[in-house]
Amino acid sequence: MKVLCVAEKPSIARSVSTILSGGQITTRNTADKYVKNYDFIYAARNANYTVTAVRGHLFQHDFPDGYRKWSSCEPFDLFDAPIETMVSKDCKGIERNLMAEARGAQMLMIWTDCDREGENIGAEIVQVCRKANRNIQVKRARFSAIIAQQIHRAAQNPVELDWAQVHAVEARIFLDLRLGAAFTRLQTLRLQGRFPELDLKVVSYGPCQFPTLGFVVSRYEQVQSFRPETFWYIYLAISRNVNGRNEETEFKWRRGHLFEAPVALAIYELVLETPMARVTSVKKKSVKKWLAEGLYQRGFLSYPRTETDQFDPNFEFMPLIEKQAVDPAWGAFATGLRNGGFATPRMGKKNDKAHPPIHPTAHAGNLAGDEKRVYEFITRRFLACCSKDAEGWETTIEVECGGEEFFTSGLSVLARNYLEVYPYDKWGDRHVPDFAEGETFMPAVCELRDGQTTRPALLTEADLVSLMDKNGIGTDATIAQHIQTIVDREYVMERMEGATKYLVPSTLGIALVDGYNKIGFDKSLSKPQLRRDTEREMVRICEGLKSKEDMLNEAIEQYKALFVKARGDFDLLIQHLRVSLSLAVVGEEDQHQAVEEAEVAEAEAEAGEEEEEEEEEGEEGVVEEAVVEEAGEVLQARTALLLVPNRLVHRRLSRLTTLMKASYATRLSIPLHANLMRQNSSTSVSSLHANHPRDQHLQRNPLHRVRG
DNA sequence: GCAAGGTC
C-alpha cells in the first residue's frame, strides 16, 4: 500500500514527514525547486508514505479566446463569458510531480491548511492526481497544529473533502474575475483617449482594491474639510503640602469637554457658587500590565507575513532562554527567568500552523546596526513573553465640587517583571497624595479653560491595515498586496514622515472615488459592503444553506445592474476627473498651502467681524449684556443637548439662566470673560492633556484630538 | 493590459 500525502506548502510537508516517519526519511528532489518528496514507512499503518506539497493554488482562471483581447468583446459580456481553468504556468513542475507520484499510489491524502482556501487547493490537487490515476482513493487529514499527537491523529482518522467549502471558494474566484475584469476594462477604455495622461495606464477595479482606496480617500477628505472647534472644560487642582513642599494634583472633569461655551460657563458658574470640594470615593486596586495584549496583537512580530502568535504546548523555552544568559544587557534577566521568574507565554489568537512565533535560536553578540537592533528587539520580546506580568497598585480618587464630578488616579508599580527587559513598553509611577473619603478642601485652581480640536492625521499604513482587517477586505496574506496595488495604479502615494508611512490619495484616486459617489449606487463600489456580501454568501454555501449556482446567479445580476448604471452615467465620472486632473497641475504641496491660506483668510475675516461688532457696541458693559443675552438663549436651546443630560443639570441650568441675566457681569472673573470673548487658548491646556492622553478623544468626532 | 487568493 502506498499513500501519497500532499501539503499546501513545502514547510508543512517537511514537518509532517518528520513526525510520521520517526526519523527514517528518504528525500527526493522534484522539478519544482522548492518542493521535495519525502519517502518513509509509516509504522502505525505499516504502509509506504510519500509526502509532497504544492505552493498554494495550482490553477489559474481566465476567459477564453474571443474574450481575452480587450477589443474582442463588450466588457459587459464578461459577466456571462465562459471561464477556463488551467494549471498555472509556474506550477507545471508541481503538476508533473503530483501525476507521477499518484500513478503508483492507492490513496491520496490531502494535508492542506484547514480553511476554505485549503479545501479548494485540496480539490485542485485531487483533480490533477486523478488525471494520472482515475481510481485513487481520496482522503483528507484534519489538523490545526504541527504537534506530533495531532498529526498522528489526523493521519489515522482521515475525513472527506468538504465540497461545500470548495464550491464557496470557486464562486468567489469567478465573481472576482468577472467583476474585476469588466469594470477594469470599462474604466480603462473609457478614460484612455479622453485623458492623455492615462494613455499608458490600466485603471483597474477590484472588490478589495477599491474599498482600500476608499479608506484612503475618505480620511484625506476628513483632513481637508476639518475646521478647528473650540471646546471648554473645567480645570480643577488642589495643592497639598507633602514633605514640606507644595504638590499640585489635577483632577479631570467627568464631563470631559463641552463644545457649547454658554453651557460650560453656566456649569462653571455653579461650581464657583459652592467651590468647596469633597472627596466622594477613594478606591485602590491591584492592576497588571500584560505584554501579550499589546505585542501579540500588533502582528509585526510574527513570522513570516502569515501570522502566528501561539507557541506549541510542547515548545522548549528553557534551552533558548539559557542561551541568552551570557548577554551583557539582558543576560541577568534571562538567568532570573531560569530561577523562578518564568511564566508560560499567553496564547495569541492566530496560528498559521507552519511557524512558531519568531524567537532567537542562539545568542548573537557580534551584530551591528539594524541587524543588532532587530535581534535585540526580538530577543527582548521573547524573554518578556516568558516573564510575569508587571504588577501595580492603582488609586482612583473622585471628588465632587459644586455639583460636578472630577477624578484623578495614581499608580505605583510594585513589580516591573517583564518591563525590566522590555523597555519598549512604558508603565511608570504616577504619584497622587493621600486622600480620605469625605475629606473636603478648597481647590487651589478652579478655572474654565478652552482648547481646540486638531486636524486628524492622514491615514497611516498601520491604520489602513487595521481598517481592512476590521472590514473583511482581503486576508492576512493579501492585505499588503492590495495596498501595493493602489500604489502601483497611482491611486495613492506613500509618504514617509520619520518612521511612519502615510497614504495620500492622488487626484486620480480621489476623482475615481468621488466620481463613483456622484453616480450613486445601491452599494458603493468604494465601500466594504460588496465584499462583506461575498463573504457572507460564501459562509452560507459552506453551511449548506445555499447552492453555488444560486449565489453566482444572484451576485452576477447585482453586478450587472451596477455595471449598467456605471456605464450609463460614466460621463459624470469623466467630468469629475476632468475637473480634478486639471487641478493636478497645481502641485500637491501648493494645494495644502492653498487650503491653509483659505483657512487663515477665513479666520481673519471672522476676527474682523468681531472687532467691528465691538467697535459698534462701543462700551464694554454693553458687550457683556449682549453676551449674557445670547448665552441665555443658547443655553435654553441647548439644555436638552447636553452631553451628559440629567434632571439635576436641567434644574440647575434653568435656574441659572435667570441667575446669569441678573448677575453675570459682577460674578465672573475678568480673565474668564476675556477667554469667552476672544476665544484665546489658555496656555495650560496643553500641559493638562499631555498628562492624560487617553482623554484626547473628543465627543464630536473621534478623529479630532486635543492639541497637546 | 483585467481580480483575489494561495505560496516563495
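What you see is a predicted model, and the numbers here were worked out from it, not measured in a lab. Numbered from 1 within each chain, the chains take letters A, B, ... in sequence-line order.
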Checklist entry - Given B/dG6, is OP1 or OP2 found less than 4.0 Å from the side-chain N or O atoms of A/Thr475? => result yes
Item to check | Distance in angstrom units between A/Ile483 CD1 and B/dA3 C1', rounded | outcome: 17 Å
Item to check | Ion pair check, A/Asp522 and A/Lys565, cut-off under 4.0 Å | outcome: no
Checklist outcome for this item: Result for 5'-nearest mapping on DNA chain B, choosing between A/Ile121 and A/Phe174, is A/Phe174
Item to check | Side-chain donor/acceptor of A/Gln192 to base of B/dG1, under 3.5 Å | outcome: yes
Checklist entry - Taking the six-membered ring of A/Tyr502, is the NZ or CZ of A/Arg495 close enough (under 6.0 Å from the centre) and on axis enough (within 45°)? => result no
Using residues 51-60 of chain A as the side-chain source, report each donor-acceptor pair under 3.5 Å to any protein atom, sequence neighbours left out, with the distance given to one decimal.
{"from": "A/Thr52", "atom 1": "OG1", "to": "A/Asn37", "atom 2": "OD1", "distance (Å)": "2.7"}
{"from": "A/Thr52", "atom 1": "OG1", "to": "A/Asn97", "atom 2": "ND2", "distance (Å)": "3.2"}
{"from": "A/Arg55", "atom 1": "NH1", "to": "A/Asp32", "atom 2": "OD1", "distance (Å)": "3.2"}
{"from": "A/Arg55", "atom 1": "NH1", "to": "A/Asp32", "atom 2": "OD2", "distance (Å)": "2.2"}
{"from": "A/His57", "atom 1": "ND1", "to": "A/Glu124", "atom 2": "OE2", "distance (Å)": "3.0"}
{"from": "A/His57", "atom 1": "NE2", "to": "A/Glu117", "atom 2": "OE1", "distance (Å)": "2.7"}

Item to check | Sugar-phosphate only, base, or nothing, as touched by A/Phe183 at under 4.0 Å among non-hydrogen atoms | outcome: nothing
Checklist entry - Of the nucleotides B/dA3, B/dG1, B/dT7, which one has an atom closest to the side chain of A/Ile173? => result B/dA3
Item to check | Proximity to the side chain of A/Thr188 - top-ranked nucleotide from B/dC8, B/dG1, B/dA4 | outcome: B/dG1
Checklist entry - Do any side-chain nitrogens or oxygens of A/Gln209 fall under 4.0 Å of OP1 or OP2 in B/dA3? => result yes
Checklist entry - Within this structure, what is the CG-to-P distance between A/Leu186 and B/dA3, rounded to whole angstrom? => result 14 Å
Checklist outcome for this item: From the list A/Arg172, A/Lys523, A/Arg540, salt bridge (Lys or Arg N to Asp or Glu O under 4.0 Å) with A/Asp533 holds only for A/Lys523
Checklist entry - Is A/Arg381 salt-bridged to A/Glu376, going by a charged N under 4.0 Å from an acidic O? => result no
Next on the checklist: Nearest to the side chain of A/Trp70, heavy atoms from C-beta on, is which of B/dT7, B/dC2, B/dG6?
Outcome noted: B/dC2
Checklist outcome for this item: Atom CZ of A/Arg68 and atom P of B/dA3 are separated, to the nearest Å, by 16 Å
Item to check | Proximity to the side chain of A/Pro207 - top-ranked nucleotide from B/dA4, B/dC2, B/dC8 | outcome: B/dA4
Checklist entry - What's the CG-P distance between A/Asp488 and B/dA3, to the nearest Å? => result 11 Å
Item to check | Gap between atoms CD1 and C1', on A/Ile473 and B/dG5 respectively (whole Å) | outcome: 14 Å
Checklist entry - Nearest-Å distance, CG (A/Asp113) to P (B/dG5)? => result 16 Å
Checklist entry - Is A/Asn120 touching bases, backbone alone, or none of the nucleic acid, heavy atoms closer than 4.0 Å? => result nothing
Checklist entry - So what does A/Arg116 hit on the nucleic acid, given a heavy-atom distance under 4.0 Å: a base, only sugar-phosphate, or nothing? => result nothing
Checklist entry - Under 4.0 angstrom, heavy atoms only, what part of the nucleic acid is A/Gly180 near: base, sugar-phosphate, or nothing? => result sugar-phosphate
Checklist outcome for this item: A/Glu74 CD to B/dC2 P, in whole Å, measures 20 Å
Checklist outcome for this item: Per atom distances to the A/His482 side chain, the nearest of B/dC2, B/dA4, B/dC8 is B/dA4
Checklist entry - A/Thr460 and A/Asp463: side-chain donor and acceptor closer than 3.5 Å? => result yes
Checklist entry - Is any side-chain nitrogen or oxygen of A/Gln481 closer than 4.0 Å to OP1 or OP2 of B/dA4? => result no
Next on the checklist: So, does A/Arg178 get its side chain near the phosphate of B/dA4, meaning an N or O under 4.0 Å from OP1 or OP2?
Outcome noted: no
Checklist entry - Of all the nucleotides listed (B/dG1, B/dC8, B/dG6), which has the minimum atom distance to the side chain of A/Val202? => result B/dG1
Next on the checklist: If you assign A/Tyr67 and A/Ile479 each to the DNA chain B nucleotide with the nearest heavy atom, which residue ends up on the more 5' nucleotide?
Outcome noted: A/Tyr67
Checklist entry - At under 4.0 Å, does any side-chain N or O of A/His61 touch on OP1 or OP2 of B/dA4? => result no
Checklist outcome for this item: Among the nucleotides B/dC8, B/dA4, B/dC2, whichever has the atom closest to the side chain of A/Pro10 is B/dC8
Next on the checklist: What is the distance, to the nearest angstrom, from the CG atom on A/Leu530 to the P atom on B/dA4?
Outcome noted: 12 Å
Checklist entry - Quick one: is B/dG5 close enough that its OP1 or OP2 comes under 4.0 Å of any side-chain N or O from A/Arg531? => result yes
Item to check | Proximity to the side chain of A/Arg185 - top-ranked nucleotide from B/dA4, B/dC2, B/dG6 | outcome: B/dC2
Checklist entry - What's the closest nucleotide to the A/Ala477 side chain, out of B/dG6, B/dC2, B/dG5? => result B/dG6
Item to check | Electrostatic pair A/Glu537:A/Arg532 at N-O distance under 4.0 angstrom | outcome: no
Item to check | Sugar-phosphate, base or nothing in reach of A/Gly118, heavy atoms under 4.0 Å | outcome: nothing
